[in-house]
Amino acid sequence: MEKNLEKYADLIVNTGLNIQPKDSLMIRFTVDGLPLARLVSKKAYEKGAKDVELMFSDDQMTLDRYLHGGEAAFERFPDYKVEYMEKLYQDNTHVLALVAPNPDLLKPADPKRIADWSKIVSIANKPNQKYTMQNIVKWTIAAVPSDAWVEAVFPDLPIEQGRDKLWQAVFDATRVSTDDPLKAWEEHDTALKAHETFLNEANFEKLLFQGPGTDLEVHLVEDHHWMGGSSVHSGGDRFFPNIPTEEVFSMPHADKVNGTLKATMPLSVRGQLIDDFHFTFQDGKVVDFDAAVGKQILQDLLDTDDGARYLGEVALVADNSPISNTGILFKNTLFDENASCHFALGASYAENLKDSRDRSEDENRALGANQSLIHVDFMVGGPDVTVTGVKQDGEQVVLLQDGEWRI
Ligand code: ZN
Ligand code: ZN
């Protein structure tokens, strides 16, 4: 365990964030992330990092705030918190989120309070959204098990046993348990870049998703760019936004998505679970939806703003990966989205549209780049879903079938 944790920290500092001398680092974490955060901090300093800032939160206190906080606590998000983050970003600070998933944390809280507060926080932080969505800074999300996560994934196991099993699954999914994780990630990046290159050269006009409850036509924006594996930040450093990552993703045209879409995994959003849900799209917009579990939560999510009812990301993922091979439903987006094709409701990524950084938000929107305060991934994949690419001249290419790449 100790050895693997050390390797995990090495991977985060060297490959994930690719820390360079004079970089600063902000780590977001909870009590479960403390041992890993300490290792990351030490290794970042060893690589010449200027400073490491901490942003600690506690799940119990977060829940208590929703349950027992007065109205004043939810009126507005203070400017100084936004300015603090903005100053850090402008001072060459990069961000690591060590998430310890707690899929059902806010279940006892008032959903309206959660939805309203999420919106207030998002609106207040809008000026800072670009630092990560446009890769102005380097950012990485990695996960550590919490007891709540262990219980959600292995409800039938004693907690000690479940915890060991989940850590092992995290180490396997992130390739930390290989002899040389940094080398394994280089090879993995090369493989993802090969799919990225194929898809970019094919320059598909649209994709077709077909499976049980799913029959969807998704046009890509013109001049779209597929991305997989490493990204490059504005200063030119390679980094990996997600550990693990198995996806190759691009930008759907926000107004050119038509048909039905049935999610293939549950979704934990804002500490609440949504399950067994589907959408109908017309000219890009969700015009109908239902969920057997958490319908109101989904409704609130879609009502966040205009862009919340449109897609901002389409991602292709094969079944054969260290994550899928664990055979575990993680009930956490970071893992489940990398074991399955997925879409995101809400904001698109600038890197998926050529030259988007040189245009205004409105100009990009006119080209089909969705804008929203949210970016929420949900899964539509697995062996039953076939994905076909359609070229400009009408030629069809099967991309994924029976869960495997066909290219
Ligand atoms: Zn994705
Ligand atoms: Zn996403």
Side-chain angles (χ1 to χ4, degrees), residues 16 95 97 99 101 118 122 129-135 139-143 173-174 188-189 191-193 195-196 199-200 207 209 216 218 220-221 224-231 239-254 257 261 263-270 274 277 279 286 298 301-302 304 307-319 321-324 330-353 356 368-382 385 387 399-400 405:
V95 280
V99 296
S118 300
S122 302
Q129 194 188 27
K130 64 174 184 287
Y131 289 98
T132 50
M133 291 302 278
Q134 299 181 14
N135 295 338
W139 54 283
T140 298
I141 304 173
T174 54
H188 177 47
D189 195 32
L192 288 170
K193 293 290 176 205
H195 285 138
E196 176 190 298
L199 293 165
N200 281 328
L207 304 176
F209 283 75
L216 192 77
V218 183
L220 299 167
V221 290
H224 63 266
H225 185 72
W226 288 91
M227 287 288 304
S230 55
S231 292
F239 73 101
F240 287 85
N242 289 355
I243 295 178
T245 183
E246 302 289 338
E247 62 177 321
V248 186
F249 62 101
S250 194
M251 193 188 291
H253 191 298
V257 178
L261 204 51
T264 47
M265 290 186 194
L267 173 65
S268 167
V269 57
R270 301 168 176 168
I274 306 170
F277 58 105
F279 302 106
V286 173
L298 189 53
L301 190 70
L302 294 170
T304 306
R309 281 178 182 263
Y310 295 81
L311 296 180
E313 179 194 348
V314 53
L316 304 182
V317 182
D319 248 4
S321 73
I323 305 179
S324 311
F330 284 91
K331 296 180 186 166
N332 171 260
T333 301
L334 178 62
F335 287 80
D336 292 333
E337 77 168 343
N338 280 303
S340 169
C341 291
H342 59 269
F343 293 89
L345 289 166
S348 53
Y349 286 106
E351 61 191 334
N352 288 133
L353 176 60
S356 61
N370 195 29
Q371 324 279 348
S372 173
L373 295 169
I374 65 162
H375 175 99
V376 176
D377 296 287
F378 63 95
M379 279 49 88
V380 182
V385 179
V387 186
L399 301 174
L400 283 163
W405 282 105

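Heads up: numbering here begins at 1 and tracks the sequence. Ligands are counted one by one from 1 in listed order, and the atoms in each one are counted from 1 as well. Just so you know, these numbers use all the heavy atoms, side chains as well, and skip hydrogens, waters and symmetry mates.
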Non-neighbouring partners of Glu351 that pass salt bridge (Lys or Arg N to Asp or Glu O under 4.0 Å), sequence neighbours left out: none
I'd like to check the salt bridge (Lys or Arg N to Asp or Glu O under 4.0 Å) partners of Asp319; sequence neighbours left out, ordered by chain and number. none
Validation row: Trp405, His195 side chains within 4.5 angstrom (heavy atoms): yes
Contacts of the Zn ion (ligand 1) with protein N/O/S atoms, counting only those under 2.8 Å: Glu247 OE1, Glu313 OE2, His342 NE2
Evaluate the side-chain proximity of Phe378 to Thr264: yes if any heavy-atom separation is below 4.5 Å, no if none is. no
Could you check whether His375 and Gln129, counting side-chain N and O atoms only, form a donor-acceptor pair closer than 3.5 Å? no
Residues that Lys130 engages under salt bridge (Lys or Arg N to Asp or Glu O under 4.0 Å), provided they are two or more places apart: none
